[in-house]
Amino acid sequence: MINLHKISAWRIVPLVVAVVFSTSLRGADWLQFRGNNVSGVSALSAIPATWSDTENVAWKVDLPGRGASGAIVIGNQVVVTASSGFRQDRLHVLSFDRVSGKKVWERQFWATGRTMTHPKMSVATPTPASDGERIFAFYSSNDVVCLDLDGNLQWLRGLTHDFPNASNSLGMSSSPIVIGDTLIVQVENDAESFAAGLDTSNGKSRWKKVRPKKANWTSPTLWQEGDAAPMALLQSSAGIEAVHPRTGETIWKFGAGASTIPSSVVTPDSLLIPSNGLTAVRLGDKVDDEAGSPEVLWNDRKLGPGTSSPIVVAGKVFVVNRAGVLQAADVNTGSLLWRLRLKGPFSATPVAAGQHLIFFNEKGDAQVVDISGAEGEIVGENTVGETILSTPAIADNEMFVRSDGHLWKIAK
Amino acid sequence: MPRFSCSLAAAILFSIAANFSAAELSPQLKAVRSVSREGQGNEAAAAAVRTLSAASASDLLQILIGFEGASPLAANYLRNAVESVVDRHLAANKPLPAKQLEAFVLKRSNDPRARRLAFEVLAKVDLTASDRLIPKMLLDPSPEFRRDAVQRLVGEAEGLGKDSADKAKQVYRKALSGATDSDLVKKISKSLKDLGDEVDLVTHFGFLTDWRIVGPFDNRGFIGFDIAYAPEKELDFVAKLQAKDGEVAWGVITTSDEFGIVDIAKSVAPHKGAVMYLATSYEAAANRNVEFRFGTPNAWKLWVNGKFLFGRDEYHRGMAIDQYRVPANLKAGKNVILLKLCQNEQDDDWAQRYQIQIRVCDPSGVAVLPVKSGSRSTTGMSPLKRQSKRLTASAEGASQ
């Protein structure tokens, strides 16, 4: 049960992007990878710490194909993508009724780009996104499909069809995000690397910019301060590039390099970048040199994340390293607060529901960690018994997680 | 647009479009088929799909026929329209034109994507369709139908007892005749081997195994991918060429690997920061379209008869059969194939492979074998000797 006293004492991460979207958002939605504000935090939610086949699993449904993509929640719909077939060249978008788990509709497409991936990955690895009115499904084949909430096709793009060398033989995982009326996609690889801002109404490119020619599996994130225009933050091996989402114009660059797997996370006034361990830079207009680089606040080499992206909750950053050790550090200084060994390995990024962090390892074991005390404490261990690579979605007091074969709703 | 407005618009649209006849769908089909690169035509295609989605079941065939010649993008728009029509009719317990769908499926000259979609629709309303139709599709031009038929035969063979080895061999051989997907071919091949039969995988897949080779040219700092070294300018197999470490001459490399892997690191040298060129000739029976399908962990460029087809600047991101698919036109008689294969300078254990596996097949994956030389390509030593072939760098087509 959630402790309201503890919650009230928390410093809840501001919903910095609430005004970014063109439509008013239902509070219970989870519209993209790591949620509406790309934080992975649902501060007021309470998810059961334990569940089993007979307890706290509201429903479990079959999926027709593989996928490491996470579910998204739009009103009463839970939407997931999947890929099937020997070559994973059949792309699926499925909508389930959030209450009953009944499939409401399914649409399929043929991949127009290359579908080869590492066996661990699948073509349906990027998490879809939504602006609350439309669904944007993105795949490793670089097909982008826009559907309305009833499954009617609005537009589609084949970005490898358009740019034939834009692909990665290991597969691509970058999840798109919606900022205003632009869908931001990163198609970054060794051969033909670019990022683009697509008009959400028709799929045409508002902008396309060349990006470092190096495979990159990170996802864009966003930052908005007050009423200022939002920025899209594009990560790569070169570092971070902040761009205007509608024009692609560069605002600033952080050029000290960054990881190509875990993605950055914003705090109320800084960006935590998986770079030389973990590096915090100040966000806003202030830059510390003529090149327009943001000011570095702190760096700690020991806080480097493994595959999962960091998450920030209540003034602390939580990082799981390659050894499966969860580290909590002060978000303002980088000072280590505590460590806790978890059972890994991890691909999924953790999510936060109230005072709990929820970690799914690749074996399908979920570990629920209470982070409200002086030390982290595992308060629940559960398993779904199938490989989990996807990041869960949280909406109200419900959590949705998927494997290659199933989608679960965890809730009381 | 608010959600209720979308629903209202859809309802109005449906009421208008429900009585459209097949002929009246032509403008919509044309609009969808006009969609092109970089989102051009998206708005018109989406509007057309809204109308097509409201069509009646009797119009399904017209939409399926509209797949003929449609681009991959247009095919996806059309697919969405078909799915919408079908879902609406099934939800209302309205019939679908099963007989017409079946006839469409069985006509092999119809678009393979549309045939498969028609079959999937048919299977929703006719539970006998799969058992009735799939066994006859072992040699179908649609890879998905072939796969289904092969899988059924593999299942049949696996179900035979140990006392039925001869029968099992027979069924596996039949399955192999239609198999193009590597997982099924490997499975069948292993089963046949266990039963005492060998499978010539090189011939089955159509791997090219005999090549001339020259190099190494310089690729330190990744410079070699974009440099047109001598073999790209003129193919002279007796000339001495200035390369990375001095003068080099063309040699021969062949492979006996059962999956046709030409391994430069093992058979020539584990060059790093290098470019090697491989050339072979391929005798085609007639002018025809083929696909060059290959796998390599190295960067590459491909020319056929002096025309540049495609290149890819990626290193050590995996290798698999049919990793790349490059459409090409072969002319009757001798065709000259030139490959540029680049190795980078990484010293990681997992970055040492320098190899390629390449085959020639039709769009469904069935091997297209050269004439005269039986199952193997040839280096064409005599015919190619002193043959100078001007190579141009004109990109054609796209690869998958």
Side-chain angles (χ1 to χ4, degrees), chain A residues 23 75 85-87 89-91 105-119 132-134 141 143-165 167-171 189-192 196 198-199 201-205 208 213 215, chain B residues 1-3 6-7 10 35-43 45-46 49-50 53 71-73 75-77 79-81 83-84 87 91 113 116-117 120 143-144 147 181-184 222 225 295-297 299 310-320 322-325 395 397-400:
Chain A
T23 57
F86 169 60
R87 292 186 175 78
D89 52 3
R90 188 66 69 86
L91 312 178
W105 53 258
E106 175 181 1
R107 291 289 177 262
Q108 296 185 25
F109 302 89
W110 290 287
T112 67
R114 296 180 58 225
T115 56
M116 178 177 170
T117 68
H118 185 282
E133 295 177 357
R134 308 176 189 90
S141 58
D143 288 292
V144 193
V145 173
C146 174
L147 302 164
D148 70 15
L149 299 185
D150 295 319
N152 298 307
L153 182 60
Q154 304 301 293
W155 53 262
L156 57 82
R157 289 287 303 273
L159 296 176
T160 300
H161 183 267
D162 291 350
F163 308 103
N165 244 324
S167 69
N168 182 339
S169 296
L170 289 176
N189 56 89
D190 295 335
E192 189 170 9
L198 307 183
D199 184 332
S201 70
N202 59 26
K204 291 180 180 172
S205 300
K208 173 177 176 280
K213 263 182 69 170
Chain B
M1 185 187 295
R3 223 178 305 178
C6 287
S7 301
V35 73
S36 63
R37 294 179 74 246
E38 301 194 43
Q40 297 303 311
N42 268 356
E43 295 99 330
V49 165
R50 283 195 288 276
S53 298
S71 71
L73 301 172
N76 273 327
Y77 275 101
R79 180 181 183 103
N80 189 264
E83 288 180 347
S84 297
D87 282 1
R113 300 162 297 186
R116 183 66 189 191
L117 177 56
E120 290 168 6
E144 287 178 296
R147 183 176 178 86
D181 291 340
S182 58
D183 63 332
L184 291 176
F222 300 101
F225 185 80
T296 176
F310 203 75
R312 181 157 178 81
D313 194 8
E314 181 185 69
Y315 296 86
H316 304 296
R317 300 300 186 191
M319 174 178 175
D322 296 351
Q323 179 177 359
Y324 301 108
R325 297 170 59 172
S399 80
Q400 286 287 303

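Proteins get letters first, then strands, A, B, ... in listed order; numbering begins at 1 in each.
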If I measure from the heavy atoms of chain B, does [X] come under 4.5 Å with its side chain, its backbone, both, or neither?
X: A:Glu106; result: backbone
X: A:Leu147; result: side chain
X: A:Ser167; result: both

Checklist entry - Are the charged groups of A:Lys208 and B:Glu38 less than 4.0 angstrom apart, N to O? => result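 So A:Lys208 does not pair with B:Glu38 through a salt bridge.
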Next on the checklist: So that I can tick it off, tell me whether B:Asp181 and A:Arg87 are bridged by a salt bridge, with the cut-off set at under 4.0 angstrom between side-chain N and carboxylate O.
Outcome noted: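 Here A:Arg87 pairs with B:Asp181 in a salt bridge, since their nearest N and O are under 4.0 Å apart.
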Compare all side-chain heavy atoms of [X] with those of [Y] and state whether any distance is below 4.5 angstrom.
X: B:Ser84; Y: A:Arg107; value: yes
X: B:Asn76; Y: A:Leu153; value: no
X: B:Glu43; Y: A:Lys204; value: yes
X: A:Arg114; Y: B:Tyr324; value: yes

Checklist entry - Based on non-hydrogen pairs under 4.5 Å, which of B:Ser36, B:Ala75, B:Ser71, B:Pro297 is most in contact with chain A? => result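 Looking at each of B:Ser36, B:Ala75, B:Ser71, B:Pro297 in turn, B:Ala75 comes out on top.
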Looking only at non-hydrogen atoms, find the nearest pair between [X] and [Y] and report the distance.
X: B:Gly318; Y: A:Met116; answer: C-CE, 3.8 Å
X: B:Arg312; Y: A:Ala191; answer: NH1-CB, 3.4 Å
X: B:Gly311; Y: A:Asn165; answer: O-ND2, 2.7 Å
X: B:Tyr77; Y: A:Trp155; answer: OH-CA, 3.4 Å

Out of [options], which one racks up the most heavy-atom pairs below 4.5 Å with chain B?
options: A:Ala215, A:Cys146, A:Gly203, A:Ser205; value: A:Ala215
options: A:Phe109, A:Trp105, A:Phe163; value: A:Phe109
options: A:Asp199, A:Asn202, A:Leu156, A:Leu170; value: A:Leu156

Let me confirm one number: the [atom1]-[atom2] distance from [X] to [Y], rounded to the nearest 0.5 Å.
X: B:Arg79; Y: A:Arg90; atom1: CZ; atom2: CZ; value: 4.0 Å
X: A:Asp162; Y: B:Leu73; atom1: CG; atom2: CG; value: 6.5 Å
X: B:Glu314; Y: A:Asn189; atom1: CD; atom2: CG; value: 7.0 Å
X: B:Glu144; Y: A:Asp89; atom1: CD; atom2: CG; value: 6.5 Å
X: B:Asn42; Y: A:Gln154; atom1: CG; atom2: CD; value: 10.5 Å
X: A:Leu159; Y: B:Arg37; atom1: CG; atom2: CZ; value: 10.5 Å

Which region of [X], side chain (C-beta onward) or backbone (N, CA, C, O), has a non-hydrogen atom less than 4.5 Å from a non-hydrogen atom of chain A, or is it both or neither?
X: B:Tyr315; value: backbone
X: B:Arg147; value: side chain
X: B:Ala320; value: both

